[in-house]
There are 2 protein chains.
Amino acid sequence: MTASAATDVRASLLAEAPCCGITTPGGLTREQAETSAALLKAVADPVRLRLLSIIRDSEGGEACVCDLTPAVGLAQPTVSHHLKVLTEAGLIEREKRGTWAWYRLLPARLEDVRSIFS
Amino acid sequence: MTASAATDVRASLLAEAPCCGITTPGGLTREQAETSAALLKAVADPVRLRLLSIIRDSEGGEACVCDLTPAVGLAQPTVSHHLKVLTEAGLIEREKRGTWAWYRLLPARLEDVRSIFS
DNA sequence: TCTAGATATTGACGTTCATCGATATATCCG
DNA sequence: CGGATATATCGATGAACGTCAATATCTAGA
């Protein structure tokens, strides 16, 4: 039996299912779901939510690691790790000024998060 | 040294930090962050996003496990597990009719997710 | 160039999580 | 009652994750 034949078999089994009407594929493809879930995973952490919140409420809309580390009460490498996750998700950006690294929100990406559930 | 004295010491160290201005506490408390993160964790999974999507797009706004299991292509206990996570997060509700269990969205809770980033 | 301080990276450890097979529970029907 | 079907629970397993200590990298200033 070929792979596509197996797919057809499953489709027909679905059609015969006693409790179900038409099987809707759902508006979300596997790829879309994985993309959205990856973005949501980046914000589904209490420390990262607090980091975003602190950056947003900081004067000038930016904060350096020397602010963030004591504010969340975790070790500096841990904070650096969380900032990296947020940066790779496109939610914040990093600007190095002198010895310090300043982080700012990227509002467009936060809008992407909102749009997942709209 | 008492615990509160240690807190004072850390506060003074913060005030002395060379790169920082006023240390803003951020609009989010530890508890609020944990509550929001718990809700986000429930939706930060590709399978659960697809389950929500399929339920939303199903006729009558409800779907049974016999629909959902083949639709996501995972084992039935796995789907049951994800539905339990969504139910405990308050995002869906379960109604048993005969042998089948039907799941429906709870829009108010989805609004809670949206409000986290508004 | 050398030292000190700020941040990033690495490696390890314990926990949480997604998944599945086996099994239990519950409902319908003959 | 007994068999068949739908769903939930249990237990195990491997992967992903959060955290930290140690270390590396980079910059400013003497």
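So you know, we letter chains A, B, ... as the sequences are listed, proteins then strands, and number each from 1. This structure is a prediction, so every number in the text was calculated from the model and none was measured.
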Protein-nucleotide distance (A/Lys84, atom NZ; D/dC20, atom P), rounded to Å:
18 Å

Tell me: CG of B/Asp45 to P of D/dC17, nearest whole Å?
11 Å

Hey, could you give me the CG/CD distance between B/Leu83 and B/Gln76, rounded to the nearest 0.5 Å?
9.5 Å

Short side-chain to backbone donor-acceptor contact, A/Ser58 and A/Gly61, under 3.5 Å:
no

Compare side-chain N and O positions of B/Tyr103 against OP1 and OP2 of D/dA6 and report whether any pair is under 4.0 Å apart.
no

Donor-acceptor under 3.5 Å (B/Thr35 side chain, B/Glu31 main chain):
yes

Using a heavy-atom cut-off of under 4.0 Å over every strand shown, decide if A/Arg97 touches base, sugar-phosphate, or nothing.
nothing

Could you check which residues of residues 85-96 of chain B get a heavy atom under 4.0 Å from DNA chain C? Sort them by number, please.
B/Lys96

Going by salt bridge (charged side-chain N to carboxylate O under 4.0 Å, His left out), name the residues that satisfy it together with B/Glu88, two or more places apart in sequence or in a different chain.
none

I want to check one thing: is the phosphate of C/dT19, taken as OP1 and OP2, less than 4.0 Å away from some side-chain N or O of B/His81?
no

No-H, no-angle donor-acceptor pair, B/Gln76 side chain to D/dA8 base, under 3.5 Å:
yes

Is the closest basic N to carboxylate O distance between B/Arg97 and B/Glu62 below 4.0 Å?
yes

Quick check: does any side chain N or O of A/Arg94 sit under 3.5 Å from a backbone N or O of A/Trp102, one acting as donor and the other as acceptor?
no

For atom CD of B/Glu34 and atom P of C/dT16, their distance in whole Å:
13 Å

Could you tell me whether the phosphate oxygens of C/dT19, OP1 or OP2, come under 4.0 Å of any side-chain nitrogen or oxygen in B/His82?
yes

When rounded to the nearest 0.5 angstrom, what is the spacing between CZ in B/Arg48 and CG in B/Leu86?
6.0 Å

Should B/Ser80 be listed as having a side-chain N or O under 4.0 Å from OP1 or OP2 of D/dA8?
yes

For C/dC20, does OP1 or OP2 lie under 4.0 Å from any side-chain N or O of B/Thr78?
yes

5' precedence on DNA chain D between A/Leu74 and A/Gly98 (nearest-nucleotide basis)
A/Leu74

Nearest-nucleotide wise, let me know which of A/Lys41 and A/Pro77 is further upstream toward the 5' end of DNA chain C.
A/Pro77

A/Arg50 CZ to D/dG18 C1': how many Å, rounded?
15 Å

